[in-house]
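Residue numbers start at 1 and run along the sequence shown. In listed order, ligands and their atoms are each counted from 1.
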Amino acid sequence: MLYLIATPIGNLGDMTVRAIETLKSVDMIASEDTRTTSILLKHFEIRKPQISFHDHNERHAAERVIGMLKVGQSVAIVSDAGTPGISDPGFAIVRRAIEEDLPFTMVPGPAAFVMALVLSGLATHSFTFRGFPPRKGGPRRRFIGVDKNAPHTLIYYESVHRIGAFLDDALAVLGDRPAALASELTKKFESIDRGPLSALIERLPEKPKGEYVVVIAGSDGKPAPADDEADDTE
Ligand code: SAM
């Protein structure tokens with residue numbers, strides 16, 4: 001059996017009983033970063049061998065995992081934080097397990113985008129999770145522009161290094177919509193700032209810290225800024 005196991009996004013208290021029990025039961029743990037997972041395993045007194053399973057070796061590691069499953073071993077996939085496969089390795093192994101008709105399931109738990117969406121106060125009945133935008137301005141503005149007429153809530157992950165630039169581009173492309181900026185979720189300095197994009201930009205610290213999720217209201221049907229205002233330059 002293959003298990004994709006969600007782990008905490010900051011607060012170890014969010015580890016589920018089933019995640020601990022499943023990790024204790026498997027033959028091998030395939031981890032995005034074996035050092036990060038070692039800290040988790042040590043905390044919960046789980047002693048299991050690990051192999052590395054990250055973005056750069058995902059296909060190769062997936063074949064190794066498939067080989068183990070075929071000889072009857074059980075394997076758990078664990079990413080650095082949250083749900084495997086959500087802006088983290090996991091997709092390739094799911095595809096391969098389906099192709100090989102091997103059984104697999106998930107042990108569900110934290111995912112930063114779900115928590116940010118619920119806390120945002122923006123519509124939760126219909127939303128699009130866009131994950132990480134491209135790093136450069138032009139491609140990032142085009143990426144945001146794909147959703148500019150969509151009526152549902154939009155959710156993005158962004159690195160601390162680009163959060164300011166992302167918010168500026170979102171304002172330029174989507175207009176001054178209601179939004180929420182969630183950071184350090186489940187951690188000591190958890191915060192959520194709600195307001196129009198322009199206010200979030202104004203209140204963003206000069207040197208932002210931590211991990212961010214951006215939640216932005218869908219289109220209200222009024223025209224977004226013209227394409228030439230949110231230009232496509234780098
Ligand atoms: N698999 C994870 C999940 O289920 O949410 C996401 C992993 S992705 C590599 C990391 C990004 O998720 C961060 O850059 C940030 O956008 C978001 N994130 C993860 N943990 C977070 C937290 N505690 N607070 C706010 N955002 C978080």
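Arg96 meets the salt bridge (charged side-chain N to carboxylate O under 4.0 Å, His left out) test with Glu63, Glu99, Glu100; sequence neighbours excluded. Annotation: side chain to side chain contact (heavy atoms under 4.5 Å, CB included) contacts of Pro8 (sequence neighbours excluded): Leu12, Asp14, Met15, Leu40. Annotation: ring-ring contact (aromatic ring centres under 6.0 Å, His included) contacts of Tyr212 (sequence neighbours excluded): none.
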Can you list every pair where an N/O of ligand 1 is under 3.5 Å from an N/O on the protein?
residue: ligand 1; atom: 1 (N); partner: Ala81; partner atom: O; Å: 3.0
residue: ligand 1; atom: 1 (N); partner: Thr83; partner atom: O; Å: 3.1
residue: ligand 1; atom: 1 (N); partner: Ile86; partner atom: O; Å: 2.9
residue: ligand 1; atom: 1 (N); partner: Asp88; partner atom: OD2; Å: 2.8
residue: ligand 1; atom: 4 (O); partner: Thr83; partner atom: N; Å: 2.8
residue: ligand 1; atom: 5 (O); partner: Ala112; partner atom: N; Å: 2.8
residue: ligand 1; atom: 5 (O); partner: Tyr157; partner atom: OH; Å: 2.6
residue: ligand 1; atom: 16 (O); partner: Tyr212; partner atom: O; Å: 2.5
residue: ligand 1; atom: 20 (N); partner: Glu211; partner atom: OE1; Å: 3.3
residue: ligand 1; atom: 23 (N); partner: Ile9; partner atom: O; Å: 2.9
residue: ligand 1; atom: 23 (N); partner: Leu185; partner atom: N; Å: 3.4
residue: ligand 1; atom: 23 (N); partner: Leu185; partner atom: O; Å: 3.0
residue: ligand 1; atom: 24 (N); partner: Glu184; partner atom: N; Å: 3.4
residue: ligand 1; atom: 24 (N); partner: Leu185; partner atom: N; Å: 2.9

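Closest approach of Leu122 and Ala180 over heavy atoms only: CD1-N, 4.3 Å.
Checking Ile201, Ile163, Ile216 one by one against Leu181, the side-chain contact (heavy atoms from CB on, under 4.5 Å) holds for a single residue, Ile163.
Ring pair Tyr156/Phe166 is tilted by interplanar angle, where 30° to 60° counts as tilted.
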